[in-house]
4 protein chains.
Amino acid sequence: MFELDVRSRKPIYEQLVERLKELIITEVLTADEQLPSVRTLAHQLTINPNTIQKAYRELESQGYIYSIKGKGSFISPATPNLNSEKIEKVKNELSKLLSEAIYLGITKDELFKMIQELEAAIGGGVEDDQNP
Amino acid sequence: MFELDVRSRKPIYEQLVERLKELIITEVLTADEQLPSVRTLAHQLTINPNTIQKAYRELESQGYIYSIKGKGSFISPATPNLNSEKIEKVKNELSKLLSEAIYLGITKDELFKMIQELEAAIGGGVEDDQNP
Amino acid sequence: MFELDVRSRKPIYEQLVERLKELIITEVLTADEQLPSVRTLAHQLTINPNTIQKAYRELESQGYIYSIKGKGSFISPATPNLNSEKIEKVKNELSKLLSEAIYLGITKDELFKMIQELEAAIGGGVEDDQNP
Amino acid sequence: MFELDVRSRKPIYEQLVERLKELIITEVLTADEQLPSVRTLAHQLTINPNTIQKAYRELESQGYIYSIKGKGSFISPATPNLNSEKIEKVKNELSKLLSEAIYLGITKDELFKMIQELEAAIGGGVEDDQNP
DNA sequence: GTGGTCTAGACCACG
DNA sequence: GTGGTCTAGACCACG
């Protein structure tokens with residue numbers, strides 16, 4: 001479930017954050033579901049608990065999970081509360097990456113198809129249309 | 001031309017790489033054009049020459065520029081080698097970022113529009129169509 | 001009456017303390033009124049009795065309620081003992097928070113208005129004036 | 001300059017965050033001024049560097065300082081960029097604390113005076129009036 | 001020299 | 001049992 005590459009340039013905690021975001025976005029993990037405890041996951045991945053905690057804290061500050069002292073860590077309900085700052089940041093990153101993709105010869109059609117498929121897989125957090 | 005943000009969390013050499021990619025993608029810098037020398041640019045930006053060199057090396061390994069010993073660094077012609085490995089990597093990153101965008105409520109239509117606009121601005125390195 | 005947020009970072013006993021203080025300050029709960037017993041409230045809120053007890057103990061030490069062994073817990077009369085130590089502590093906290101508010105751009109006028117409204121809502125535990 | 005109470009219930013890193021905020025708000029530390037390095041401050045206060053780093057990171061995420069890898073940590077310029085979420089949070093805390101103050105018998109006049117003095121000391125981040 | 005990541009491990013607060 | 005704080009100390013990336 002969590003494939004970590006300890007040799008990667010990418011810090012372990014960032015890899016964890018990415019992977020967990022992915023599982024949340026694709027609704028493999030759903031609202032209020034409990035995550036493995038810091039210690040349990042640390043043991044499973046043979047990683048230091050502090051590193052797990054760092055990942056959980058980052059996810060919490062990004063609004064993807066919430067942690068309760070003495071109880072555990074849980075998936076946050078999907079937030080249609082438009083964090084406009086965060087949206088701007090993602091749009092900005094997208095702009096750069098899409099430009100590079102187009103430059104590398106990935107066609108508009110391929111990109112459109114990619115979006116269609118991703119949206120289908122995710123289920124679309126917010127509907128484009130009123131009548132489903 | 002190179003606006004670096006010394007306050008940014010992003011390392012300076014990464015900012016340089018990004019900025020140069022942008023100038024190449026938007027064809028402000030064109031094929032076989034010579035880049036300023038490491039020392040010249042370092043002096044202009046009042047930045048350590050090692051930092052410039054690191055950025056140039058990164059751009060070279062990504063196929064955006066090439067260096068000739070004793071002559072200097074130059075912009076590579078577009079879609080240097082249809083590096084399929086690189087394309088896979090960018091698609092992979094795009095997949096993650098697009099998923100997050102959709103999750104945050106950015107609509108399919110907004111994404112389509114974004115792509116249209118970027119393609120128009122870039123002029124499309126490679127045509128969508130078979131007959132050029 | 002007691003809306004607890006189990007997802008909050010704030011411990012449940014602290015939420016209880018805050019909420020009870022609020023009810024006392026706004027005179028929803030009045031002097032010498034009896035509070036629900038630890039067990040009753042624990043059952044109502046489906047919370048561990050130890051948590052309720054901890055909240056009651058904290059309120060007692062802050063002078064907001066008093067307990068009689070074998071009888072129960074009761075609301076203390078207003079301005080229990082003009083505890084100057086407590087007043088100093090609150091002033092100290094206020095000083096920090098007001099400074100931050102001003103720094104963040106909240107205007108003096110907004111703050112004045114806030115105080116006016118709060119005082120009106122509370123009814124002013126103690127009069128501004130010397131002659132009651 | 002930094003008086004820490006290691007026996008306090010308040011974590012050391014939070015005490016540090018508070019103290020540094022105070023120094024920034026009162027403009028003892030000014031924009032782009034460099035903070036002591038993590039190691040230097042750790043040594044001065046005989047505290048573990050990780051604890052200092054935790055405090056610095058918290059201040060960074062709150063927008064009070066910025067850190068550059070390899071360079072150091074610096075005071076952020078005052079941000080009239082209304083972080084509305086943060087403002088709401090501070091207003092909310094203020095509301096509770098002001099209510100308690102009024103309940104404890106601190107008069108409206110005392111509170112007004114407090115605000116006046118604080119604003120004078122700080123210099124008022126944003127002016128109430130157009131003509132200074 | 002600077003901040004950032006990570007480990008190993010202790011102790012505390014909450015419930 | 002859970003997350004949170006803290007120490008001691010190693011090694012890395014940036015410049």
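Letters go in sequence order (proteins before strands), and every chain restarts at 1.
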Please check if the distance between the ring centroids of Tyr56(A) and Tyr64(A) is under 6.0 Å.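 Centroid distance Tyr56(A)-Tyr64(A): not below 6.0 Å, so no.
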
dC14(E): pairing nucleotide in any strand, Watson-Crick or G-U under 3.5 angstrom: dG1(F)

Got a sec, which residues hit ring-ring contact (aromatic ring centres under 6.0 Å, His included) with Tyr66(C), two or more places apart in sequence or on another chain? Phe74(C)

Phosphate contact ([N] OP1 or OP2) by [X] side-chain N/O below 4.0 Å:
| X | N | value |
| --- | --- | --- |
| Tyr13(D) | dT5(F) | yes |
| Lys69(A) | dG15(E) | no |
| Arg57(D) | dT5(E) | yes |
| Ser67(A) | dG3(F) | no |
| Thr51(A) | dT5(E) | no |

Relative to the 5' end of DNA chain E, which residue comes earlier, Ile47(A) or Gly70(A), by the nucleotide with the nearest heavy atom?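 Checking each residue's closest nucleotide, the 5'-ward one belongs to Ile47(A).
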
Position toward the 5' end of DNA chain E (nearest nucleotide), Pro11(A) or Pro11(C):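 Nearest-nucleotide comparison on DNA chain E picks Pro11(A).
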
Over how many whole Å does the gap from [X] atom [atom1] to [N] atom [atom2] extend?
| X | N | atom1 | atom2 | answer |
| --- | --- | --- | --- | --- |
| Leu45(A) | dC6(E) | CG | P | 13 Å |
| Glu14(C) | dG15(E) | CD | C1' | 14 Å |
| Leu59(A) | dG4(F) | CG | P | 12 Å |
| Gln53(D) | dA10(F) | CD | C1' | 14 Å |
| Lys71(D) | dG4(E) | NZ | P | 14 Å |
| Gln15(A) | dC6(E) | CD | C1' | 13 Å |
| Ile52(D) | dG4(E) | CD1 | P | 13 Å |
| Asn48(A) | dA8(F) | CG | C1' | 13 Å |

Nearest 0.5 angstrom please: Ser76(C) OG to Gln62(C) CD, how far?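 So the gap between those two atoms works out to 11.0 Å.
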
For Ser37(A) and for Lys10(D), find the nucleotide of DNA chain F with the closest heavy atom, then tell me which residue's nucleotide is more 5'. Ser37(A)

Let me spell it out: for each of Lys54(D) and Arg9(A), pick the nucleotide of DNA chain F with the closest heavy atom. Which residue's pick is nearer the 5' end? Lys54(D)

Looking for any heavy atom pair under 4.0 Å, which part of the strands does Asn50(D) touch: base, sugar-phosphate only, or nothing? base

With a cut-off of 3.5 Å and sequence neighbours excluded, list every side-chain donor-acceptor pair involving residues 8-18 of chain D.
residue	atom	partner	partner atom	Å
Ser8(D)	OG	Lys10(D)	N	2.8
Lys10(D)	NZ	Glu18(D)	OE2	3.2
Gln15(D)	OE1	Asp5(D)	N	2.8
Gln15(D)	NE2	Asp5(D)	O	2.9
Gln15(D)	NE2	Lys10(D)	O	2.8
Glu18(D)	OE1	Lys96(C)	NZ	2.8

Between Gln34(C) and Lys71(C), do the side chains contain an N or O donor and an N or O acceptor separated by less than 3.5 Å? no

I'd like to know if the side chain of Glu27(D) pairs up with that of Thr30(D) as donor and acceptor (distance under 3.5 Å, no hydrogens or angles considered). no

Quick check for you: among dG4(E), dA8(F), dT5(E), whose closest atom lies nearest to any side-chain atom of Glu60(D)? dG4(E)

With respect to the side chain of Arg39(D), which nucleotide from dC6(E), dG3(E), dG4(F) is positioned closest?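 Closest of the options to the side chain of Arg39(D): dG3(E).
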
